[in-house]
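Structure, as structure tokens:
Note: hydrogens, waters and symmetry copies are ignored here, and every other heavy atom, side chains too, is used.
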Amino acid sequence: MSQSLPTVNSTKKHQPPILNSNSRFIKAVKFIDLRFEEILIVAGFMLFILLINLQVINRYVLPFIEIANITTWTEETSRYLFIFVSFLGASFAIKKRDSIQVTAVVDRFPAGLQRSIQLANSIFMLNFSYMMVTNGFNLISFQFETAQTTPALTIPMAIPYSSVPIGFLLIAFRLIQNLLHDAKDMEIKDGIIGAAIALVLILPVLFMQETNITLLLFGYFVLFIVIGMPIAFALGISTLTTVLATNAIPIDFFPQTAFTSIDNFPIMAVPFFIAAGIIMGGGNIIKKLLKLSDELLGFLPGGLALVAIVTSMFFSAISGSGPATVAAIGTLLIPAMIKQGYSPGFATAVVAAAGTIGVIIPPSNPLVIYGVVSQESISKLFIAGILPGILTGLALIIVTFFISKKNGWQSDKTSFSMKNTLSAAWDAKLALLVPIFILGGIYGGFMTPTEAAAVAAAYGIFIGMFVYKDLNLKGLYRNLAKAGTTSAVIILLIVMASIFGRLITLEKVAETVANFVLSISDNKLVILLLLNALLLLVGLVMEALAAIVILTPILLPMAVAVGVDPVHFGLIMIFNLAIGFITPPVGVNLFVASGVAKLKIEEVIKGVRLLLITMIAILLLVTYIPDISLWLTGFMK
């Protein structure tokens, strides 16, 4: 068969012409394969950070100047830029193979079968992207025909809607790139098996028109999760397969929902908080917080471990992210603790456990996502997270103190110095101001959570570049690109969950689940225990943000039906999923911390056991004593 091919370099005689590095097709791909998404992501980030800060400045600093109704057009412009940047970031994440997925099952398969399953997943993702592109352009045509315009900018509505087909066109392009790259190492047999897997999985759709929609939807979703498909696409493709089989909703609903689900000002807080955490987590701010914590508690047994917990509480009020907190603090403290004689497993486990506070104490990205999905006040959710977060930190401090005292892990410091503590606090003043800007701005009624997040991101940039001078333009570019990609993965998850959720709503899945659970017991305490058990199990196998967007529409109505306040339920859900950050097999904090420490995950799991039991005890307190979450919300206007 190779004799029929055109003459090629002898070192690549088994390579098809389309994959030959000298072919025009590959040269064109390489030419196009520039970092244009990354450049646009960074430019978009800078622009909407500027616009939202300009909105705040105009409101309070220059109230006598009204720049063309600035609050209206800056907000609308920022929202549309955010949508474009999110889809560009999703495309860039595909290129980098950065996604939220469950691979515990697939990882056990032989390498050849893993490649085949990856090919099958890519085929499904390509077909879904093609559907979004074609129906997205149909939606744009409709917008032009009806001459709809945006409220503030009065530009054709087709322009912001074009973000959907353009974004999925780029996603499809990156998927094809990845396929071409993988094909170089894939045997023909693996390719045939992959195509066969995709065909076998889709064939049942042709014969299941009479199947229960809920069964088909969740059946395909679980199947796609098991074979390692990114969770966002598993949500969208399981919905598409169900719609193709049952015609439950029109296909053109998909691109329309992809746009409207994130045309939402509150959700923009997520990328801003991520950017603020990344920018401030790699510079002098985190070092000054560590120094202050060391002066406060470093003289006690387990001083460095206690410093890790307290600093995590401080940094949580900046980053809103558990893994970001673990990475920032672990890099500096885990080696220092090990050098001082701590057990490597425990030293790593303390940082991993302390990082869970990052998703409980405000500002918390999971709380923002829960607020958007449940349509609850993000400000209320933030203030509800303060006491549970502080209580968690104090409990971890007490347990860590006694473990350290028992093992004789003593710091170099022997006494507390008020002078040094005040000096360290003054030195860390710029870092300590960040929570004041964020929470004070929100609860003082000066800023929305999104505006506060944008101010925090701008503050981090200004302090890093002009005060501490540990952030240059190259570093800023790298941090914003990382923030854009990270937040885009989350936003794409919300897009797909919104599409998935439409079928859940139509089929009244939430009511069915609620009726089933209430048939077991109508006792509020028992139902809360069942909810905790379910969420803890989900946290074992699913990433927190994915669990929030999938389960909130299903579980929240049931919780409300038995008299649980939606804000209180939000804290229960986030606390359960925070525990999932330190429980295998998905425990993100465990893997981040073990990666920083270069330690086997088994050693970290062994070290985290008592801390895990402590967090479960606090979870029960938060669950059964609502005032821990709701007391401070009573002071809100």
Side-chain angles (χ1 to χ4, degrees), residues 266 269 273 309-310 312-318 320 322 354 356-399 432 434-449 452-453 523-529 531-532 535-536 544 548 552 555-556 558-579 614-637:
F273 281 132
I309 297 169
V310 172
S312 292
M313 295 172 72
F314 282 138
F315 191 67
S316 295
I318 297 174
T356 62
I357 301 170
V359 299
I360 301 169
I361 209 164
S364 158
N365 287 325
L367 283 175
V368 173
I369 300 301
Y370 175 83
V372 170
V373 175
S374 65
Q375 297 185 336
E376 288 298 317
S377 164
I378 294 172
S379 298
K380 275 192 175 181
L381 288 164
F382 276 4
I383 202 168
I386 293 175
L387 288 183
I390 292 173
L391 185 61
T392 304
L394 291 175
L396 291 175
I397 285 171
I398 292 168
V399 172
L432 296 174
V434 179
I436 296 173
F437 282 147
I438 295 172
L439 301 181
I442 293 170
Y443 301 124
F446 300 108
M447 294 181 280
T448 65
N523 185 293
K524 180 178 177 180
L525 300 181
V526 174
I527 289 173
L528 285 173
L529 188 63
L531 283 171
N532 278 330
L535 289 167
L536 285 172
I548 292 166
T552 298
L555 300 181
L556 179 58
M558 177 174 56
V560 172
V562 295
V564 179
D565 186 281
V567 173
H568 180 213
F569 179 71
L571 267 297
I572 293 172
M573 173 175 265
I574 270 64
F575 207 114
N576 273 283
L577 297 174
I579 291 174
T614 303
M615 289 199 64
I616 292 174
I618 301 301
L619 167 64
L620 293 174
L621 290 176
V622 170
T623 299
Y624 291 112
I625 306 177
D627 281 347
I628 294 176
S629 301
L630 299 179
W631 181 62
L632 287 177
T633 63
F635 294 95
M636 294 183 67
K637 295 179 182 179

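- Minimum heavy-atom separation, A269 to A453: O-CB, 3.8 Å.
- In this structure, F314 CZ and I309 CD1 are separated by 13.0 Å, a value rounded to the nearest 0.5 Å.
- Considering every non-hydrogen atom in both I579 and L536, the closest pair reads CG2-CD2, 3.9 Å.
- Between M558 and L555, the closest side-chain pair of non-hydrogen atoms falls below 4.5 Å.
- Under the 4.5 Å side-chain criterion, counting only non-hydrogen atoms from C-beta, L621 is not in contact with F575.
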Decide yes or no on side chain to side chain contact (heavy atoms under 4.5 Å, CB included) for L529 and Y624, but give the supporting numbers first. CA-CA 9 Å; L529 188 63; Y624 291 112; 3.4 Å; yes
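- Closest approach of V562 and K524 over heavy atoms only: O-CD, 3.5 Å.
- Residues P566 and L556 have side chains in contact (heavy-atom distance under 4.5 Å, counting atoms from C-beta outward).
- Remark: side-chain polar atoms of H568 are paired, donor with acceptor, to backbone N or O of V622 under 3.5 angstrom.
- Rounding to the nearest 0.5 angstrom, the gap separating the CD1 atom in I361 from the OG1 atom in T356 is 10.5 Å.
- Atom OG1 of T392 sits about 10.5 Å away from atom CG of L387, to the nearest 0.5 Å.
- Taking CG from L396 and OG from S312, the interatomic distance works out to 9.0 Å, rounded to the nearest 0.5 Å.
- To the nearest 0.5 angstrom, I357 atom CD1 is 7.5 Å from M615 atom CE.
- The two residues T633 and A384 come nearest to each other via the heavy atoms CG2-CB, 4.0 Å.
- At a threshold of 4.5 Å between non-hydrogen side-chain atoms, the residues P266 and V368 do not count as touching.
- A pairwise comparison of heavy atoms in P388 and L571 identifies CG-CD1, 4.2 Å as the closest pair.
- In this structure, the separation between CD1 on I572 and CG on L620 is 10.5 Å, given to the nearest 0.5 Å.
- Between I390 and M313, the closest heavy-atom pair is CA-CE, 3.8 Å.
- Checked by atom type and distance alone, the side chain of Y443 pairs as donor or acceptor with a backbone atom of I383 at under 3.5 Å.
- No side-chain heavy atom of V359 sits under 4.5 Å from any side-chain heavy atom of L577.
- The local environment of CZ in F446 is sparse, with at most 12 non-hydrogen atoms from other residues, nucleotides or ligands closer than 6.0 Å.
- Between N532 and T623 there is a side-chain heavy-atom pair separated by less than 4.5 Å.
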